[in-house]
Amino acid sequence: MKQLRLDPISRMHGEVNIPGSKSISNRALLLATLAKGTTELTNLLDSDDIRHMLAALKQLGVQFELSEDKSRCSLQGLGGAINSNKLQELFLGNAGTAMRPLCAALTLGNGEFVLMGEPRMEERPIGDLVDSLKALGADIQYLKNPGFPPLKIKATGLSGGDVEIAGNLSSQFLTALLMVAPLAGAAVNIKVKGELVSKPYIDITLALMAQFGVKVINHDYQRFEIPSGQSYLSPGKVLVEGDASSASYFLAAGAIAGGEVKVTGVGCLSIQGDVKFADALAAMGAEIEWGDDFIIARGSQLKGIDMDMNHIPDAAMTIATAAVFAKGPTRLSNIYNWRIKETDRLSAMATELRKIGAEVEEGEDYILVNPPLTPKHAAIDTYNDHRMAMCFSLLAFAECGVTINDPDCTSKTFPDYFQRFAALAG
Ligand SMILES: O=C(O)C1=C[C@@H](OP(=O)(O)O)[C@@H](O)[C@H](O)C1
Ligand SMILES: C=C(OP(=O)(O)O)C(=O)O
């Protein structure tokens, strides 16, 4: 296994232009496919999750051209559902933003589709989405374990009507249902059951749907009405914002070891909820400056916080490792769904923080981090989870440095993360 030793870094300073948002890239690619007209996407992310979406679309016959650096894509929309006259077996890695939305989208047309993924994808639930799609007439079978991929879809189109969707495990189920609803046979009324987690991701979905010309009436995230007779129309150009979750590591670096670190490509005009990470850092005492499309973090002594992190589950992981450099304990709550992501992130985070000497309490849906007096060097296991690798890079600001096992797992969303991180050091 490859290991990356990060020697102690005493100061971070400079500017980094953050690669495109994973969440926006994969939504925009799918909506561009369903839309009428050609869409020119710029600042598209080039990472595993997007490669899986693009490979699936290509296999399904969608025509697109990528620039050499893969950041620009010109995609010819189908002007409606995806059809296939032969069985299509699609491999989607561990990309939730490909698996869940494609599962819904492929029920819209005609054809047979198998959706499969990495072993971890087979442990990530999809049953709540499948139940809702079945209630709208979809034929979906589980090929291994009920409630989990791999799946087989026999598509003949979706009817409309009233449908419920569980909100308590993943917002991606609601996102997937919303994106297909305009192309169902009749108006769709969605009722969200239970607490809706990761709510700001629904705003990304609604913003993209609006950009592609579709109307959704949002009744306070509890009910959504999607009128019938709508279709997606390409807006022509889509600029993908920088990824706010990816920005979190650099902002935390600035807060812990700035100097100042400026991230560009995301700012206060962003449609991504994860920009609120900067507010959490500010609550820890960091000095934050906002621009329309940039955020600056300057170094200061951080203090521990006690915060509900349900709205920013991905960036919240960065707070867990930044907490090592804060005075006093940090408690991050309402994050049960860390357990069903790339790995069980509550367990992984607790295990690895203990290795560097933190005292950690792992609850069913919270984590409490007591920073060590002096962090110890450790080889951090990353569990094939890009965010574990990126979060623990912050331990380079401890006098002992850190070793990251399997650093290349950042390829899920940020293939050249460690080069970009090193470029700001010193
Ligand atoms: O819709 C999206 O783009 C995402 C939603 C979130 O997942 P959950 O809704 O499962 O929390 C987030 O963790 C994931 O990285 C991306
Ligand atoms: C949870 C994540 O990914 P996914 O889109 O596969 O759910 C993530 O990127 O942190």
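Side chains are part of it too, since the values below use all heavy atoms of this structure and drop only hydrogens, waters and symmetry mates. What you see is a predicted model; the values in this text were computed from it and never measured. Whatever order the structure lists ligands and atoms in, that order sets their numbers, starting from 1.
Among protein heavy atoms, atom 9 (O) of ligand 2 sits closest to Lys22 NZ, 2.7 Å. Looking at atom 10 (O) of ligand 1, its nearest protein heavy atom turns out to be Ser170 OG, 2.6 Å. Of all protein heavy atoms, the one closest to atom 10 (O) of ligand 2 is Arg387 NE, 2.6 Å. Closest protein heavy atom to atom 7 (O) of ligand 2: Arg124 NH2, 2.7 Å.
Of the options Arg124, Gln172, Arg387, His386, the smallest heavy-atom separation from atom 4 (C) of ligand 1 is shown by Gln172.
In summary, Asp385 and Arg120 do not engage in a salt bridge, as defined by a charged side-chain N under 4.0 Å from a carboxylate O. With salt bridges taken as basic N to acidic carboxylate O contacts below 4.0 Å, one links Glu112 and Lys152. A salt bridge is defined here as a Lys NZ or Arg NE, NH1 or NH2 lying under 4.0 Å from an Asp or Glu carboxylate O, and Asp131 with Lys134 fails to meet this definition. Under the 4.0 Å criterion applied to side-chain N and carboxylate O atoms, Glu164 and Lys191 are assigned as salt-bridge partners. Under a 4.0 Å N-O distance rule, the pair Asp49/Lys412 qualifies as a salt bridge.
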Asp314 and Arg345: CA distance, side-chain angles, deciding distance, salt bridge (Lys or Arg N to Asp or Glu O under 4.0 Å) verdict = CA-CA 10 Å; Asp314 294 357; Arg345 289 176 167 172; 3.7 Å; yes
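Residue-ligand proximity, Lys341 to ligand 1, at heavy-atom distances under 4.0 Å covers atoms 6 (C), 7 (O), 8 (P), 10 (O), 11 (O), 12 (C), 13 (O). Less than 4.0 angstrom separates some heavy atom of Ser23 from each of these atoms of ligand 1: 2 (C), 3 (O), 16 (C). Taking every heavy atom of Asp314 and a limit of under 4.0 angstrom, the matching atoms of ligand 1 come to 12 (C), 13 (O), 14 (C), 15 (O). Using a 4.0 Å cut-off to heavy atoms of Arg27, the atoms of ligand 1 that qualify are 1 (O), 2 (C), 3 (O). For ligand 1, the atoms sitting less than 4.0 Å from at least one non-hydrogen atom of Thr97 are 2 (C), 3 (O), numbered in the order shown with element in parentheses.
Atom CD of Glu65 sits about 10.5 Å away from atom CG of Leu75, to the nearest 0.5 Å. Rounded to the nearest 0.5 Å, atoms CZ (Phe113) and CD1 (Ile82) are 7.0 Å apart.
Geometrically, ligand 1 and Arg100 share no nitrogen or oxygen pair separated by less than 3.5 Å. Looking at ligand 1, you'll find an N or O of Ser198 within less than 3.5 Å of one of its N or O atoms. Any N or O atom pair closer than 3.5 Å counts here, and Asn337 shares at least one such pair with ligand 1.
Contacts between Thr97 and ligand 2 below 4.0 angstrom, taking non-hydrogen atoms only, involve backbone and side chain alike. Counting heavy atoms closer than 4.0 Å to ligand 2, residue Arg345 contributes side-chain atoms (C-beta onward) but none from N, CA, C or O.
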